[in-house]
Amino acid sequence: MTMKYNAIRKTHWSAQKKKLKKEFGIDFKNSPYTFFKAAIYIEFSAIIVFFLQSSSISPNTITSFYALLGIIGGFFIASNDQNLIVFGLLIFFFKGILDWSDGLLARLNGSTTELGGLLDDWAGYIGQLSFWIGFGFYVFNETAKSFLIYLIFKYS
């Protein structure tokens, strides 16, 4: 059954507000940055899910693409090209839209699985690791301090 966009959006807003409040103690009224970022993620993920809900694309495929974007973003930040660095930072800011899309699609299609939850955690870890490694190489490129290469891998 295909849900209308407004129903998807309303469901997503309600679920995310409850989840952020319960798991992280975040109230949108007192957290303008979190509200702004959540609004972007909710609106765009609702659009993505609206178009994907009747497709053969699985939530795990979206999660895999989310992980891949994290790796690509890390490479871009590690590059010595200012345009790629900015693009990499934008990837890290906006890739969360896919993270919010996979779970929403799984819930709407009734296809939530333990494997999906594990993949979601794995993809988040890959993205976090990629960011810190990419940032470490960025700092190395800017400072030319070779000991930073050691720190990148020791603390990542």
Side-chain angles (χ1 to χ4, degrees), residues 5 8-9 12-13 15-17 19-21 23-28 30-53 55-107 111-156:
Y5 169 72
I8 293 171
R9 186 179 170 273
H12 202 22
W13 267 103
Q16 290 302 328
K17 282 173 71 173
K19 180 180 179 182
L20 290 172
K21 179 80 170 180
E23 292 182 18
F24 304 106
I26 295 173
D27 184 8
F28 284 160
N30 300 324
S31 305
Y33 172 75
T34 302
F35 173 77
F36 172 71
K37 192 171 180 180
I40 290 171
Y41 285 12
I42 290 169
E43 295 298 334
F44 282 102
S45 61
I47 292 168
I48 290 169
V49 169
F50 174 73
F51 287 109
L52 294 181
Q53 67 182 324
S55 74
S56 62
I57 296 174
S58 73
N60 290 346
T61 302
I62 297 171
T63 304
S64 299
F65 189 62
Y66 166 67
L68 179 64
L69 276 178
I71 294 168
I72 291 168
F75 277 112
F76 284 176
I77 290 173
S79 74
N80 217 7
D81 182 315
Q82 295 302 316
N83 293 324
L84 287 178
I85 292 168
V86 169
F87 194 59
L89 292 173
L90 289 172
I91 286 173
F92 276 105
F93 182 82
F94 288 109
K95 76 181 182 73
I97 294 168
L98 293 178
D99 188 28
W100 288 33
S101 297
D102 60 359
L104 177 61
L105 183 62
R107 287 188 297 279
S111 60
T112 57
T113 63
E114 194 172 315
L115 174 62
L118 290 172
L119 282 175
D120 195 56
D121 291 342
W122 172 81
Y125 178 72
I126 292 296
Q128 182 181 12
L129 188 63
S130 296
F131 176 82
W132 286 115
I133 291 173
F135 182 70
F137 278 104
Y138 166 78
V139 171
F140 169 74
N141 288 335
E142 291 296 313
T143 63
K145 306 282 186 196
S146 59
F147 74 91
L148 291 173
I149 299 294
Y150 169 74
L151 293 177
I152 292 168
F153 294 103
K154 179 170 175 59
Y155 296 106
S156 292

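- With sequence neighbours excluded, no residue forms a side-chain contact (heavy atoms from CB on, under 4.5 Å) with Ser64.
- When the ring-ring contact (aromatic ring centres under 6.0 Å, His included) test is applied to Tyr138, no partner is found at least two apart in sequence or on another chain.
- The two residues Ile26 and Ser31 come nearest to each other via the heavy atoms CG2-OG, 3.8 Å.
- Side-chain N or O atoms of Asp120 include none that pairs as donor or acceptor with a backbone N or O of Gly116 at under 3.5 Å.
- Between Leu98 and Ile62, the shortest heavy-atom contact is O-CG2, 3.5 Å.
- Contact detail for Gly70 and Ser130: the closest heavy-atom pair is O-CB, 3.2 Å.
- For the ring pair (Phe, Tyr, Trp, His ring centres under 6.0 Å) with Tyr41, the qualifying choice from Trp100, Phe36, Phe35, Phe94 is Trp100, the only one to do so.
- Evaluation of the side chain to side chain donor-acceptor pair (under 3.5 Å) rule for Thr63 yields Asp102 as partners, not counting sequence neighbours.
- Crowding of Glu114 atom CD: a count of heavy atoms from other residues, nucleotides or ligands under 6.0 Å not exceeding 12.
- Going from atom CG of Leu68 over to atom NZ of Lys95 covers 10.5 Å, rounded to the nearest 0.5 Å.
- For Ser56, there are no side-chain contact (heavy atoms from CB on, under 4.5 Å) partners two or more places apart in sequence or in a different chain.
- Here the side chains of Asp121 and Tyr125 are not in contact, with every heavy-atom distance at 4.5 Å or above.
- Scanning for side-chain contact (heavy atoms from CB on, under 4.5 Å) contacts around Thr113 gives Leu115, with sequence neighbours left out.
- Atoms CG and CG, from Leu105 and Leu52 in turn, are 6.5 Å apart once rounded to the nearest 0.5 Å.
- For Phe50, there are no ring-ring contact (aromatic ring centres under 6.0 Å, His included) partners, not counting sequence neighbours.
- Nearest heavy atoms, Gly124 versus Tyr66: N-CE2, 3.7 Å.
- Legend: residues meeting side-chain contact (heavy atoms from CB on, under 4.5 Å) with Lys17, ordered by chain and number and at least two apart, are Trp13, Phe28.
- By the 30° and 60° cut-offs, the orientation of the rings of Phe131 relative to Phe135 is parallel.
- Atom NZ of Lys19 sits in a sparse spot, with 12 or fewer heavy atoms from other residues, nucleotides or ligands closer than 6.0 Å.
- Under the rule for a side chain to side chain donor-acceptor pair (under 3.5 Å), Ser101 has no partner lying at least two apart in sequence or in another chain.
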Would you list the atom pairs, donor with acceptor, under 3.5 Å between side chains in residues 72-93 and any protein atom, with sequence neighbours excluded?
unit_1 : atom_1 : unit_2 : atom_2 : d
Ser79  : OG     : Phe76  : O      : 2.7
Ser79  : OG     : Asp81  : N      : 3.4
Asp81  : OD1    : Asn83  : N      : 2.8
Asp81  : OD1    : Leu84  : N      : 3.3

*Which is it for His12 and Val49 under the side chain to side chain contact (heavy atoms under 4.5 Å, CB included) test, yes or no, and what are the steps along the way?*
CA-CA 10 Å; His12 202 22; Val49 169; over 6 Å; no

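- Listed by first and then second residue, the salt bridge (Lys or Arg N to Asp or Glu O under 4.0 Å) pairs that reach into residues 40-50 are Arg9-Glu43, sequence neighbours excluded.
- For Ser58, the side chain to side chain donor-acceptor pair (under 3.5 Å) test picks out Thr61, with sequence neighbours left out.
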